[in-house]
Amino acid sequence: MASLFLKFHSVMRAFGIGKVIRSKDTNFSEGEIVMSRICPVAEFGVLPSNLLQKINPADGVALPDYLSCLGMPGITAWVGIEKIGNAKEGSNVYISAAAGGVGIIAGQLAKVKGCRVVGSVGSDHKVKLLKEEYGYDEAFNYRIETDYDAALTKYFPDGIDVYFDNVGGKMLEAVLNHVNHGARIALCGMISEYNKVWTEREGVRNLLNMVGKEVMMKGFMVGSYYNHFEEFIKEMEVHLKEGKIKSKYKIYNGIESFLESLTSLFTSSNVGKVILQVTP
């Protein structure tokens, strides 16, 4: 298994789409569109053919969807909601950072399963977006409703069955005061804690709540679930074509926009998936 961390001065890699300009593998022809989980963030790259997946433009799926609903954000959301969260019809589902590339899909997946879904976001615009365009039952602005315990009491009078955690810290602690018996928590990320040394990070003081309520909390790296990628694609393509799930993304143009696109992930300015189009 490849190391999780890149070495300094090595090329960063990401889910990407490209056009074949030359191939030594007869299964791939010049001009074909392909997708890979290890595309270099560069204008050109050399990749092993066994890690490429062909894309057929005739399928009618927009290319950015392969980097959103059908890409890393999609499978991450799917793992958290389905494989770890085990969300079922009637489950009360809470998603933090709900307007991000992963959260916006996770909420839609939960709605497809018949769940009641609430999300937290950083602006009133995002609250409106989630409720009016992406099917969330409720959403709240955590910058305004700063008493998280009170907010969760308000939006989850019957408790939380599944929590998809993208932020960690104080929000995770508040959630543990509202979980139902047998609740499941998928730890996808903890963006509130990333840029702190561990001694500065928010401690969670109420883990004891997990014992009496038999709560399952599991952290995950999506790469550990790529063996389920075909299963995920098969399910998600149906939802996408039926209009039950849709992507939201912002495209930055040119390799020179890489730093701007990357730093946007750590602000509340972006909505949905951030995509870098390195060549026209």
Side-chain angles (χ1 to χ4, degrees), residues 1-14 41 72-73 76-77 79-81 83-85 93-103 106 118-123 126 140-156 159-160 162-180 183-225 258-271 274:
M1 179 179 292
S3 172
L4 175 63
F5 300 103
L6 290 170
K7 295 179 180 179
F8 284 117
H9 308 299
S10 62
V11 177
M12 294 187 69
R13 296 183 180 273
V41 181
M72 189 277 290
T76 304
V79 168
I81 293 296
K83 294 299 183 182
I84 298 175
V93 178
Y94 175 43
I95 299 168
S96 54
V102 173
V118 178
S120 58
V121 290
S123 73
K126 292 180 180 180
F140 68 94
N141 183 346
Y142 68 85
R143 297 180 188 274
I144 293 177
E145 300 192 53
T146 56
D147 184 336
Y148 300 158
D149 194 65
L152 295 178
T153 297
K154 174 182 176 182
Y155 293 106
F156 288 99
I160 296 170
V162 179
Y163 176 42
F164 193 109
D165 186 18
N166 288 305
V167 300
K170 293 180 180 179
M171 187 64 79
L172 175 58
E173 183 173 88
V175 165
L176 289 175
N177 287 331
H178 296 271
V179 287
N180 290 328
R184 301 171 72 86
I185 299 173
L187 300 178
C188 176
M190 295 191 176
I191 198 167
S192 71
E193 309 300 309
Y194 286 165
N195 295 320
K196 302 175 184 177
V197 296
W198 76 268
T199 53
E200 296 173 350
R201 291 173 179 160
E202 296 285 346
V204 178
R205 300 167 295 179
N206 53 354
L207 289 174
L208 184 59
N209 293 355
M210 296 178 61
V211 179
K213 293 188 175 182
E214 298 183 300
V215 174
M216 191 283 288
M217 180 160 61
K218 182 178 181 179
F220 71 100
M221 297 297 292
V222 69
S224 298
Y225 291 83
F258 172 69
L259 185 58
E260 181 185 1
S261 68
L262 180 64
T263 56
S264 74
L265 298 174
F266 301 96
T267 71
S268 60
S269 62
N270 74 293
V271 178
V274 171

So OH of Tyr163 and CG of Asn180: to nearest 0.5 Å the spacing works out to 15.5 Å

Quick one: closest heavy-atom pair of Ile185 and Ile84, and the distance? O-CG2, 4.2 Å

What distance separates Arg184 CZ from Met217 CE, expressed to the nearest 0.5 Å? 13.0 Å

Show the nearest heavy-atom pair for residues Val41 and Ala14, with the distance to one decimal. CG2-CB, 4.5 Å

Please name the pair of heavy atoms, one in Pro73 and one in Gly101, separated by the smallest distance, quoted to 0.1 Å. CB-O, 3.4 Å

If you take all heavy atoms of Asn206 and Glu173, which pair is closest and at what distance? ND2-O, 2.7 Å

Would you find more than 12 non-hydrogen atoms of other residues, nucleotides or ligands less than 6.0 Å from Lys218 atom NZ? no

More than 12 heavy atoms of other residues, nucleotides or ligands under 6.0 Å from NZ of Lys170: is that the case? no

Donor-acceptor pair, distance only, cut-off 3.5 Å: does the side chain of Thr146 make one with the backbone of Arg143? no

Please step through side-chain hydrogen bond (donor to acceptor under 3.5 Å, both in side chains) for the pair Ser120 and Tyr94, ending with a clear verdict. CA-CA 8 Å; Ser120 58; Tyr94 175 43; 2.8 Å; yes

Value rounded to 0.5 Å, distance of CG in Leu172 from CD in Glu202: 11.0 Å

Please report the shortest heavy-atom distance between Phe164 and Cys188, naming the atom on each side. CE2-CB, 3.5 Å

